[in-house]
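Letters go in sequence order (proteins before strands), and every chain restarts at 1.
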Protein chains: 2
Amino acid sequence: MKREAIIQTAAEMADEKGFASISMKELADRLGIKSPSLYKHFSGGLDELNKEIMLYGWRLLDSEITKEVIGKAKDDAVIELCYAYRRFVAEHKGLYEAMQWYNMYLSDEHLQASEGMVDVMFRALSSYGLTEEKKVHTVRMIRAFMQGFCTIECHGGYGNPVSLNETFDFALHTILTGIADMQEGTEK
Amino acid sequence: MKREAIIQTAAEMADEKGFASISMKELADRLGIKSPSLYKHFSGGLDELNKEIMLYGWRLLDSEITKEVIGKAKDDAVIELCYAYRRFVAEHKGLYEAMQWYNMYLSDEHLQASEGMVDVMFRALSSYGLTEEKKVHTVRMIRAFMQGFCTIECHGGYGNPVSLNETFDFALHTILTGIADMQEGTEK
DNA sequence: CAATCAAGCTAATCACATTAGCCTGATTAT
DNA sequence: ATAATCAGGCTAATGTGATTAGCTTGATTG
């Protein structure tokens with residue numbers, strides 16, 4: 001049994017029953033082995049497994065949004081990126097929970113984990129001609145918005161009947177307008 | 001021993017050692033009682049306790065930001081609200097984790113939990129003369145950004161050396177500009 | 001004064017996580 | 001070819017924390 005396959009199974013389990021429900025026992029059951037055997041693959045136990053799930057999730061998100069952004073530029077690239085992100089979260093609620101779980105592990109790996117995605121965002125912004133610093137601000141703002149929006153949406157935290165799709169487009173529009181304003185400032 | 005006092009102690013514990021470290025045993029120890037006794041206050045066990053911590057957190061955040069917004073309007077109100085929110089999270093990392101934990105409990109209480117804060121945001125936006133729908137979009141956008149930014153910041157997820165305070169101000173400025181643009185559209 | 005209730009306690013049960021040590025088939029080195 | 005090694009599983013055993021059951025006692029209430 002390959003390590004990557006185990007992680008993938010765990011990720012599926014998270015999506016089906018929630019990240020919190022992942023346990024060595026459950027996972028072992030689903031794999032048809034006994035839980036102690038899992039320690040042959042993850043000597044660090046549940047902690048290591050969770051960390052691997054998190055990293056797997058970021059890799060997956062990275063590849064999904066990369067696909068969408070290829071060949072696009074400016075607003076088009078940013079919008080597709082954000083749509084892809086949101087779609088990813090909707091399809092991987094449990095995995096996304098795991099991905100946010102990188103708080104107890106404040107080390108290199110966690111930063112690297114989301115670095116791939118940050119990189120894609122940077123590239124998407126490259127054609128706007130912003131200063132490096134403004135690009136950083138913008139990427140951070142987009143990340144923050146995306147993470148917050150998707151988390152709240154997933155958790156059913158937005159109670160109002162007003163369309164969430166419209167809110168999403170509205171917010172993207174606001175952000176893109178903000179970027180456009182900055183460009184004007186730059187051109188002067 | 002009063003229920004509210006227990007919840008408060010648990011919240012302090014969360015801030016000190018992280019939400020994940022809260023256990024019936026730990027909490028009982030800190031309170032000087034045995035863990036089974038806690039079930040006299042929380043018949044629903046750990047789940048109920050966690051839920052109460054979450055609700056306590058939202059009440060607290062609600063009251064903090066309400067204080068800051070009183071007597072202010074427009075940009076001033078929004079900015080103070082957001083600063084207060086960010087400050088709250090910085091001072092209550094563990095509690096804030098608990099507050100986000102309302103995913104497994106998708107019921108009335110959870111919506112009500114954050115409703116107080118949403119209400120304050122609405123009031124802060126009242127003087128802009130936006131349509132109801134745009135107000136909803138705006139509140140959602142601000143909530144999303146705030147939640148994402150504070151979570152990522154708290155988890156140390158922003159690796160770049162660029163100042164986070166500047167990013168925060170930058171983002172608020174972008175959002176406020178967006179609101180201003182909408183007003184123009186309305187006045188026509 | 002008796003009944004009731006709140007809030008603690010101890011003992012017992014359960015569900016994992018994790019460790020220790022054993023086994024077997026496949027791979028590798030001699 | 002044969003012996004040594006290793007990967008990947010297994011069973012048995014330990015430990016911790018949640019939860020339940022049932023007892024006790026001081027305070028409240030009828």
(request) Sequence neighbours left out, what passes salt bridge (Lys or Arg N to Asp or Glu O under 4.0 Å) with A/Lys135? Give chain and number order. (result) A/Glu132

(message) Assess whether a salt bridge exists between B/Glu4 and B/Arg59, defined as any Lys/Arg side-chain N lying under 4.0 Å from an Asp/Glu carboxylate O.
(response) yes

(message) Can you see whether A/Phe168 has A/Arg86 sitting over its ring - NZ or CZ less than 6.0 Å from the centre and within 45° of the normal?
(response) yes

(message) Regarding A/Thr177 and A/Asp181, do their side chains bring together a donor and an acceptor under 3.5 Å, going by distance alone?
(response) no

(request) Mind calculating the distance between CD (A/Glu48) and P (C/dT18) to the nearest angstrom? (result) 11 Å

(message) Let's see if you get this right: which residues in residues 22-31 of chain B place a heavy atom under 4.0 Å from DNA chain D?
(response) B/Ser23, B/Met24, B/Lys25

(message) List the residues meeting salt bridge (Lys or Arg N to Asp or Glu O under 4.0 Å) with B/Glu133, not counting sequence neighbours, and say none if there are none.
(response) none

(message) Could you check whether any side-chain N or O of A/Trp58 sits under 3.5 Å from a backbone N or O of A/Met99, counting only pairs where one atom can act as donor and the other as acceptor?
(response) yes

(request) Check every nucleotide of DNA chain D for an atom under 4.0 Å from a heavy-atom of chain A, then give the first and the last such nucleotide from 5' to 3'. (result) D/dG8 to D/dA12

(request) Not counting sequence neighbours, which residues clear salt bridge (Lys or Arg N to Asp or Glu O under 4.0 Å) with B/Asp29? List them please. (result) B/Lys25

(message) Walk along nucleotides 8-13 of chain C from 5' to 3' and tag each nucleotide B, S or - by protein heavy-atom contact under 4.0 Å, base first, then sugar-phosphate.
(response) BBBB--

(message) Tell me whether A/Glu48 contacts the main-chain N or O of A/Ser43 through its side chain, where contact means a donor paired with an acceptor under 3.5 Å.
(response) yes

(message) Any carboxylate oxygen within less than 4.0 angstrom of a Lys/Arg side-chain nitrogen, looking at A/Glu166 and B/Lys134?
(response) no

(message) Looking at B/Tyr158, I'd like to know if the NZ or CZ of A/Arg140 sits under 6.0 Å from its six-membered ring centre while staying within 45 degrees of the ring's axis.
(response) yes

